[in-house]
Amino acid sequence: MPVVVALDFETADKYADSACALGMSRIEDGRVAASWYSLIRPPRPEVHFTEIHGLTWEMLKDQPSFAELWPEISAFLRGATLLAAHNASFDRRVLRGCCHAAGVEAPELPFVCTVRGSRRGLRLPHHRLNDVCACLGIELDHHNAASDALAAARIYLHLRSIGLSDEDMLLTGTAV
């Protein structure tokens with residue numbers, strides 16, 4: 001199995017460069033081997049989604065920026081051959097937007113989407129992260145980026161264990 005990093009961003013506003021939290025879980029040898037989490041100071045002082053993730057400008061204003069965190073983020077990603085996320089098009093868009101704003105090159109790694117995989121492999125009325133986690137008995141502190149990333153990693157491992165391939169979950173297209 002390849003080295004996979006599952007990730008989850010929380011954002012402060014509708015713009016792709018507005019990450020305010022990032023969680024990552026690294027899968028090696030078919031198990032979660034490491035996790036990383038940080039709050040991120042967004043580029044603008046307005047936080048519009050506090051009701052979703054509970055983060056406020058007061059909590060974020062003294063945190064490092066994405067650019068300041070990039071050395072740690074890129075070190076955690078080193079050696080990965082695949083990125084995974086639940087609703088991966090969102091997280092891919094935020095990763096690319098933050099990298100662009102920080103003046104760093106975004107990783108050119110394929111993304112797999114555990115929403116896409118859950119739709120193919122699990123018979124559920126809904127495939128939101130909390131619904132899939134409830135079905136699989138995965139603990140979740142929803143909209144906490146560390147918990148969401150770990151949940152995406154565990155969902156990915158489950159989907160692989162029931163026979164889905166990376167190609168079954170591959171996010172296609174290059175839209176930002």
Side-chain angles (χ1 to χ4, degrees), residues 1-12 18-40 42 47-56 58-60 63-64 66 69 72-73 75-95 98 107 109-166 168-171:
M1 182 177 274
V3 174
V4 178
V5 173
L7 54 83
D8 182 80
F9 282 101
E10 297 300 326
T11 56
S18 73
C20 60
L22 171 60
M24 298 186 287
S25 289
R26 187 177 178 91
I27 300 168
E28 297 176 0
D29 300 320
R31 65 176 185 80
V32 176
S35 292
W36 183 94
Y37 171 77
S38 184
L39 294 176
I40 303 168
V47 179
H48 295 277
F49 303 128
T50 298
E51 71 281 0
I52 295 171
H53 50 55
L55 301 173
T56 64
E58 279 302 308
M59 299 165 71
L60 301 168
Q63 299 298 320
F66 184 87
L69 288 168
E72 288 180 56
I73 296 166
F76 194 88
L77 294 173
R78 194 168 295 122
T81 56
L82 196 61
L83 298 176
H86 204 75
N87 190 16
S89 59
F90 171 82
D91 294 286
R92 179 176 68 179
R93 178 179 160 270
V94 175
L95 178 62
C98 288
L109 295 171
F111 264 87
V112 292
C113 182
T114 55
V115 170
R116 182 180 177 131
S118 71
R119 286 183 178 139
R120 290 178 177 220
L122 304 174
R123 292 191 176 274
L124 298 173
H126 303 285
H127 295 272
R128 295 171 299 220
L129 184 61
N130 56 319
D131 297 317
V132 176
C133 286
C135 170
L136 300 178
I138 296 171
E139 258 187 70
L140 180 66
D141 178 9
H142 201 18
H143 296 296
N144 171 297
S147 180
D148 289 0
L150 182 57
R154 290 180 172 152
I155 293 167
Y156 171 81
L157 288 169
H158 176 81
L159 294 170
R160 289 298 309 266
S161 77
I162 62 170
L164 268 72
S165 69
D166 291 335
D168 292 328
M169 297 181 269
L170 195 61
L171 185 63

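FYI, the numbering just counts along the sequence from 1. Bear in mind that the values here come from a model prediction, so they are computed numbers and not experimental data.
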Starting at [atom1] of [X], measure out to [atom2] of [Y] and round the result to the nearest 0.5 Å.
{"X": "Leu7", "Y": "Trp36", "atom1": "CG", "atom2": "CH2", "answer": "10.5 Å"}
{"X": "Gln63", "Y": "Cys20", "atom1": "CD", "atom2": "SG", "answer": "10.5 Å"}
{"X": "Ile162", "Y": "Leu157", "atom1": "CD1", "atom2": "CG", "answer": "12.0 Å"}
{"X": "Met59", "Y": "Leu39", "atom1": "CE", "atom2": "CG", "answer": "6.5 Å"}
{"X": "Asp91", "Y": "Asp8", "atom1": "CG", "atom2": "CG", "answer": "5.0 Å"}
{"X": "Leu159", "Y": "Ser165", "atom1": "CG", "atom2": "OG", "answer": "10.5 Å"}

*asked:* Please evaluate residues Leu77 and Met24 with respect to the criterion side chain to side chain contact (heavy atoms under 4.5 Å, CB included), reporting the C-alpha separation (whole Å), side-chain torsions for both, the decisive distance (0.1 Å), and the verdict.
replied: CA-CA 9 Å; Leu77 294 173; Met24 298 186 287; 4.0 Å; yes
*Pairs touching residues 139-151 that satisfy salt bridge (Lys or Arg N to Asp or Glu O under 4.0 Å), sequence neighbours left out*: none
*Short N-O contact, Arg160 and Asp166, less than 4.0 angstrom*: yes
*Look only at the side chain of His143 and the backbone of Glu10, and say whether a donor-acceptor pair between them is shorter than 3.5 Å.*
no
*asked:* With a 3.5 Å distance limit and no angle check, can you tell me whether His126 reaches the backbone of Arg128 through a side-chain donor-acceptor pair?
replied: no
*For side chain to side chain contact (heavy atoms under 4.5 Å, CB included), just list the numbers for Met169 and Leu164, CA-CA rounded to whole Å, side-chain angles, deciding distance to a tenth of an Å, and then say yes or no.*
CA-CA 8 Å; Met169 297 181 269; Leu164 268 72; 4.2 Å; yes
Of the non-hydrogen atoms in [X] and [Y], which two are nearest, and what is the gap between them?
{"X": "Ala19", "Y": "Phe9", "answer": "CB-CD2, 3.6 Å"}
{"X": "His127", "Y": "Leu122", "answer": "CE1-O, 3.3 Å"}
{"X": "Ala88", "Y": "Cys113", "answer": "N-SG, 3.4 Å"}
{"X": "Thr56", "Y": "Thr50", "answer": "CG2-CG2, 3.8 Å"}
{"X": "Cys98", "Y": "Ser18", "answer": "SG-N, 4.4 Å"}
{"X": "Pro107", "Y": "Leu95", "answer": "CD-CD2, 4.0 Å"}

Can you find a heavy atom in the side chain of [X] that is under 4.5 Å from one in the side chain of [Y]?
{"X": "His53", "Y": "Val47", "value": "yes"}
{"X": "Leu171", "Y": "Arg116", "value": "no"}
{"X": "Tyr156", "Y": "Leu82", "value": "yes"}

*Glu51 CD: over 12 foreign heavy atoms closer than 6.0 Å*: yes
_Evaluate Leu22 against Ser38 for side chain to side chain contact (heavy atoms under 4.5 Å, CB included), listing each step before the verdict._
CA-CA 6 Å; Leu22 171 60; Ser38 184; 5.8 Å; no
*Please assess Val132 against His86 for the test side chain to side chain contact (heavy atoms under 4.5 Å, CB included), listing each intermediate value before the final yes or no.*
CA-CA 10 Å; Val132 176; His86 204 75; 4.0 Å; yes
